[in-house]
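Report on the structure given below.
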Amino acid sequence: MATDKKEMVRSLIWAKELGEPELEIAAKGLSERFYPKNSYICHRGDRLDSWTGVVTGLVKMSAVSLSGKATTFVGVGAGGWLGEGSMLKNEERKYDLVALRDTRLLMMNKATFMALCENSVGFNRFLVRQLNERLGQFVAITEHDRSFDAKARVARNLSWLCNPVLSPQVGGVLEITQEEVGLLAGISRQVANRCLKELADEGLIDLQPGAIRPLDLEALSNYGSG
DNA sequence: TCATTAAACGCGT
DNA sequence: ACGCGTTTAATGA
């Protein structure tokens, strides 16, 4: 096997939990794919039988609430992984996946994913941590879904993109345009611009061209819930 | 009305 | 070329 691929696998968020033979298995089951801006990675209802990691770019998960009424969005940035729920439950996707900009993905085929699940304690440890973080997001979504405050959605999405487990390679500054913020929060560019300016006035973020520096992650993630 | 939207334009990088 | 701020006109509550 090519050593550069093994090195690449070593840099993934869950790799440090794995031993050498497990890394070997993982590397064999991974392939890279490119999705141009605005392209769909999968539609709701599809059986995409791969666990998916974001190498570069930005992916939007759009989930529809149980009532089928409100749709909410979660961004996944570079280094983040998604789809483990659909893998584990062997069911179709409950959400759309869209590349918000040119995006490179790593796909792990299902057999490899299941093999790691069954044989690697470290891999399971990572999955539990990941699922726990996601659970926190969806709890937060149901909390402030009833008061659809655009600013609160923007604030939460920004804080989520800084989550070190779910978007590990996103560092101190978010390289994200205001248009992309709008897409993630389900609002237009104008409203995104207004919300960001208000958040900046409140001292929670620092606005730069093409980038946002969060100043108070705690306040952002709790925005709207007192 | 009032808020929101897409489209367009201009500005600065 | 791109991100951003603003204006405009259309739409809908």
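Keep in mind that the numbers below use all heavy atoms, side chains included, and drop hydrogens, waters and symmetry copies. Order of the sequence lines sets the chain letters (A, B, ...), proteins ahead of strands, with each chain counted from 1.
For the pairing with A/Leu158, the side chain to side chain contact (heavy atoms under 4.5 Å, CB included) check across A/Leu184, A/Leu204, A/Leu174 returns one residue only, A/Leu174. Evaluated for a side chain to side chain contact (heavy atoms under 4.5 Å, CB included) with A/Tyr223, the options A/Glu218, A/Glu202, A/Arg153 yield exactly one hit, A/Glu202.
At whole-Å resolution of the value, CG in A/Leu183 and P in C/dC4 are 13 Å apart. As rounded to whole Å, 18 Å separates atom P of C/dG3 from atom NZ of A/Lys197. We find that CD of A/Glu198 is positioned 13 Å from P of C/dG5, with the value rounded to whole Å. Between the CD1 atom of A/Ile187 and the C1' atom of B/dA3 there is a distance of 14 Å, given to the nearest Å. In this structure, A/Gln178 atom CD and C/dG3 atom P are separated by 11 Å, rounded to whole Å. To the nearest angstrom, P of C/dC2 lies 14 Å from CZ of A/Arg189. The nearest whole Å value for the distance from the CG atom in A/Leu196 to the C1' atom in C/dT6 is 16 Å.
If you check every strand for non-hydrogen atoms under 4.0 Å, A/Glu180 touches nothing.
For A/Thr177, whose side chain is taken as the heavy atoms from C-beta onward, the closest listed nucleotide among B/dA6, C/dG3, C/dT6 is C/dG3. Which of C/dG5, B/dT4, C/dG3 sits closest to the side chain of A/Val191 comes down to B/dT4. Nearest to the side chain of A/Arg194, among C/dT7, C/dG5, B/dT4, sits B/dT4.
For A/Phe113 and A/Trp81, the ring centers are positioned 6.0 Å apart or more.
Taking OG of A/Ser86 as the reference point, atom CG of A/Asp46 lies at 10.5 Å (rounded to 0.5 Å).
Comparing A/Gln190 and A/Glu179 along DNA chain C, the residue whose closest nucleotide (by nearest heavy atom) sits nearer the 5' end is A/Glu179.
One finds no side-chain N or O of A/Lys37 lying less than 4.0 angstrom from the OP1 or OP2 phosphate oxygen of C/dC2.
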